[in-house]
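Below is one structure; the comments refer to it alone.
Counting starts at 1 for both ligands and their atoms, following the listed order. In this text, all values refer to a predicted model and were calculated from it rather than measured experimentally. Excluded from the calculations below are hydrogen atoms, water molecules and symmetry mates; all remaining heavy atoms, backbone and side chain alike, are included.
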Amino acid sequence: MESILLKKTGGDYALNSSREILVIEDEADIKRVIELNLAAEGYRVKVAADGLQGLQMIRSLKPDLVLLDLMLPGKDGLDICREVKADKDLRHIPIIMVSARGEEQDVIIGLGLGADDYICKPFRVGELMARVRAAFRRVDSAPSGRRNQKLEYGDVTLDLDARKLLVDGEEVHTTATEFRLLRALLENPGKAFSRQLLTDIAIGDEVYVNERTIDSHVSAVRSKLGEARGWIRTVWGVGYRFEPDTD
Ligand code: CA
């Protein structure tokens with residue numbers, strides 16, 4: 001019966017056996033299908049069925065990749081993503097979000113938080129395996145085996161790995177909220193973000209915030225960008241968009 005669920009999609013079994021993947025998923029059937037298929041390609045697989053256990057296992061195992069369901073008991077996937085990407089010892093771990101239909105907004109937030117990729121349920125097993133291989137290819141092709149990502153526009157550089165903002169070659173201190181805000185904007189130039197979406201990305205839903213709270217964070221970020229302050233543009237009645245003027 002189980003063999004019906006297994007799909008061989010190739011890949012280097014010996015290499016895969018050096019990789020550990022943590023699957024955080026509360027739906028037993030889906031968890032089992034993912035687990036079996038990853039194991040069939042040689043990966044070492046660990047599973048967690050709720051968010052709290054999942055986060056704890058990320059911290060203790062430091063897996064090479066996390067497949068993260070978004071709707072989870074205990075702690076939801078976005079909160080896990082936020083905590084992992086805020087932790088300098090964990091943020092290099094690639095996260096592939098596994099989302100259900102109707103969670104598109106959460107996927108956008110997750111990508112803004114630094115998740116690497118996503119796949120929507122129901123998915124084909126072959127597609128999932130392809131995403132996993134692609135994530136490892138990105139890791140392997142980055143220098144020193146890790147991604148060192150920098151977002152650079154003119155004199156503004158956001159170093160995602162070092163978690164630093166550089167303006168005109170000088171490091172400018174940012175709070176964690178400001179950094180998340182900048183990251184979302186700089187990773188998506190030209191995209192109009194609503195205040196609510198930026199609030200979800202930068203502040204999260206654990207503290208009560210007025211929608212206008214984000215305005216004061218945007219204002220603080222602008223003041224740190226120096227000459228480039230005008231690149232964060234107000235989209236009237238909506239929110240903000242990053243439009244660099246680097247020519
Ligand atoms: Ca779920």
- Query: Should D29 and R32 count as an ion pair when the cut-off is N to O under 4.0 Å?
  - Reply: no
- Message: I'd like to know if K31 and D69 make a salt bridge, using a cut-off of under 4.0 Å between side-chain N and carboxylate O.
- Response: no
Would you tabulate the side-chain donor-acceptor contacts of residues 162-175 under 3.5 Å, counting partners in other chains and residues two or more places apart, or write 'none'?
from	atom 1	to	atom 2	distance (Å)
T175	OG1	E178	N	3.1

- Message: I'd like to know if E83 pairs up with R59 as an ion pair, taking the criterion as any Lys NZ or Arg NE/NH1/NH2 lying under 4.0 Å from an Asp or Glu carboxylate oxygen.
- Response: yes
- Task: Flag the pair D116 and R131 as a salt bridge only when some basic side-chain nitrogen lies within less than 4.0 angstrom of an acidic carboxylate oxygen.
- Result: no
- Query: Counting distance only, does the side-chain N/O of S219 pair as donor-acceptor with the main-chain N or O of D215 below 3.5 Å?
  - Reply: no
- Within less than 3.0 Å of the Ca ion (ligand 1), the count of protein N, O or S atoms comes to 3
